[in-house]
Participant: 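A single structure is presented below for examination.
The structure presented is a predicted model; accordingly, all values stated were derived computationally and were not measured. To find a chain, count down the sequence lines: A is the first, B the second, and so on, and within it residues start at 1.
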Amino acid sequence: SGFRKELVSRLLHLHFRDCKTKVSGDALQLMAELLRIFVVEAAARGVCQAQAEDLDIVDVDQLEKVLPQLLLDF
Amino acid sequence: QRLKAAVHYTVGCLCMEVALEKQVQFSKQTIAAISEVTFRQ
Amino acid sequence: KDGLLSEEEFNLWDRLYRLGDSDTVKGVALPESHFPSLQEDIVTKEPATGIRQLSLSEWSVWQDHPLPTHQVDHSDRCQHFISIIQMIEGMRHEEDECSYELKLKPFLHMEDVS
C-alpha cells in the first residue's frame, strides 16, 4: 500500500497559491514515495523504541521519543 | 477532513505492514499521530 | 479514483483507525511553532480535552544520542542537534565557571571582535 497519486495531487494543491499549477506524474510518484518512506521510517523507529523498552505495542510516548530526530532527518 | 481521512487510512495500512513485518502492534493513537505528522509534513 | 476513500475504505477506516468518543485520546495535535524573535503574538491555545498534544521536548534528555534508524540515516542537522544536547547535558551541572568559555578564552583576540 502507499499514497495514491490523486491523493498526493490534492494534498499538494492545498498549498499551491495558483490552483492551476500542475504537477507531473513523475513528481506525484516521487512525492508519494517520499511520503511512504516518511511513514515507514516513523513506524519502524517507533517499533525500535518500543522494543528497546520491552513493549509489544508502540504507543504515542514511543513515537514522541523518536519524533525530534525524525523531523530533523526529513 | 476527507483528505485527512484518506491520509490517515493510508498511514494505517502502511503501519499495519510494518506491524506485520516487525511483529509489534501500534496503538490507534500512534497511527493518528503519525498521520497528523505526515499531513503536516 | 479521485484520491479519496471509497465506501469500503471509509468503513474500514471508520472501524480500524478513526479516533472517536469511545477513545480516551480523541485526537492528536502537533505543537504550532512560533518565532518570539519576530514578536509574533504567542497564541498558546490549550489543546481541547481529549486531544494529545505531541511534545518535541518532553524527552529531550533522550536526544543525547542518535536513536536507531530504519532506511533513512540521520541528517547532518540531526547530528548537530544531538551534539548540542550532549553539550547541554555536559554543562547541566556546572555552577559558576563555564567550561566552554574557559576552553575558548585563550583564543580570543579583541582585535577580532572590536
Participant: What option among A/Ala52, A/Cys48, A/Pro68 has the most heavy-atom pairs under 4.5 Å with chain C?
Facilitator: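 With the most close heavy-atom pairs to chain C, the winner is A/Pro68.
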
Participant: Heavy-atom distances under 4.5 Å only: say whether A/Leu71 touches chain C with side chain, backbone, both or neither.
Facilitator: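 It is both, since atoms from each part get that close.
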
Participant: Using non-hydrogen atoms only, which part of C/Leu30 is less than 4.5 Å away from chain A: side chain, backbone, both, or neither?
Facilitator: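 Only the side chain of C/Leu30 comes within 4.5 Å of chain A.
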
Participant: Compare all side-chain heavy atoms of A/Leu67 with those of C/Leu54 and state whether any distance is below 4.5 angstrom.
Facilitator: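 Yes, at least one pair of side-chain atoms sits under 4.5 Å.
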
Participant: Does atom CZ of A/Phe16 have more than 12 heavy-atom neighbours, drawn from other residues, nucleotides or ligands, at distances under 6.0 Å?
Facilitator: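 It does: A/Phe16 CZ has more than 12 such atoms within range.
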
Participant: What part of A/Phe38 is in contact with chain C, defined as an atom under 4.5 angstrom from a non-hydrogen atom: side chain, backbone, both or neither?
Facilitator: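 Neither part; nothing is under 4.5 Å.
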
Participant: Hey, is the main chain of C/His65 close enough, under 3.5 Å, to the side chain of A/Gln69 for a donor-acceptor pair?
Facilitator: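 Checked: pair present.
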
Participant: Quick one: does any side-chain atom of C/Arg77 pair with a main-chain N or O of A/Leu72 as donor and acceptor, under 3.5 Å?
Facilitator: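 Yes: the side chain of C/Arg77 pairs with the backbone of A/Leu72.
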
Participant: Can you confirm whether C/Ser55 sits close enough to A/Glu64 that some side-chain heavy atom of one is under 4.5 Å from a side-chain heavy atom of the other?
Facilitator: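 Answer yes - side chains close enough.
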
Participant: Taking only Lys NZ, Arg NE, NH1 and NH2, and the carboxylate oxygens of Asp or Glu, determine whether A/Arg4 and C/Asp2 approach each other closer than 4.0 Å.
Facilitator: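 A salt bridge is absent here (no side-chain N lies under 4.0 Å from a carboxylate O).
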
Participant: Is the closest side-chain heavy-atom distance between A/Leu70 and C/Val72 below 4.5 Å?
Facilitator: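 A/Leu70 does not reach C/Val72 side chain to side chain.
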
Participant: Within the structure provided, determine whether C/Trp59 and A/Asp61 are in side-chain contact (heavy-atom separation under 4.5 Å).
Facilitator: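 Yes. Closest side-chain heavy atoms under 4.5 Å.
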
Participant: For C/Glu95, look at atom CD and say whether over 12 heavy atoms of other residues, nucleotides or ligands are found less than 6.0 Å away.
Facilitator: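 12 or below, so no.
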
Participant: Considering only heavy atoms, which portion of C/Asp76 lies under 4.5 Å from any heavy atom of chain A: side chain, backbone, both, or neither?
Facilitator: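 Neither part.
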
Participant: Between A/Val60, A/Val47, A/Val66, A/Val40, which shows the greatest number of heavy-atom pairs under 4.5 Å with chain C?
Facilitator: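 Option with the greatest count: A/Val60.
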
Participant: Tell me if the CG atom of A/Asp18 is crowded by more than 12 foreign heavy atoms within 6.0 Å.
Facilitator: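 Correct, the count exceeds 12.
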
Participant: Quick one: which of A/Gln49, A/Lys5, A/Lys65, A/Arg10 has the most heavy-atom pairs under 4.5 Å with chain C, could you say?
Facilitator: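 Maximum pair count with chain C is reached by A/Lys65.
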
Participant: Distance-only, no hydrogens or angles: does the A/Glu41 side chain make a donor-acceptor pair with backbone N or O of C/His70 under 3.5 Å?
Facilitator: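 Yes, A/Glu41 side chain to C/His70 backbone: donor-acceptor pair under 3.5 Å.
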
Participant: With a 4.5 angstrom heavy-atom cut-off, is it the side chain or the backbone of C/Gln71 that approaches chain A, or both, or neither?
Facilitator: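 It is both, since atoms from each part get that close.
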
Participant: Shortest non-hydrogen contact from C/His74 to A/Asp73?
Facilitator: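 That closest heavy-atom pairing would be ND1-OD2, 2.6 Å.
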
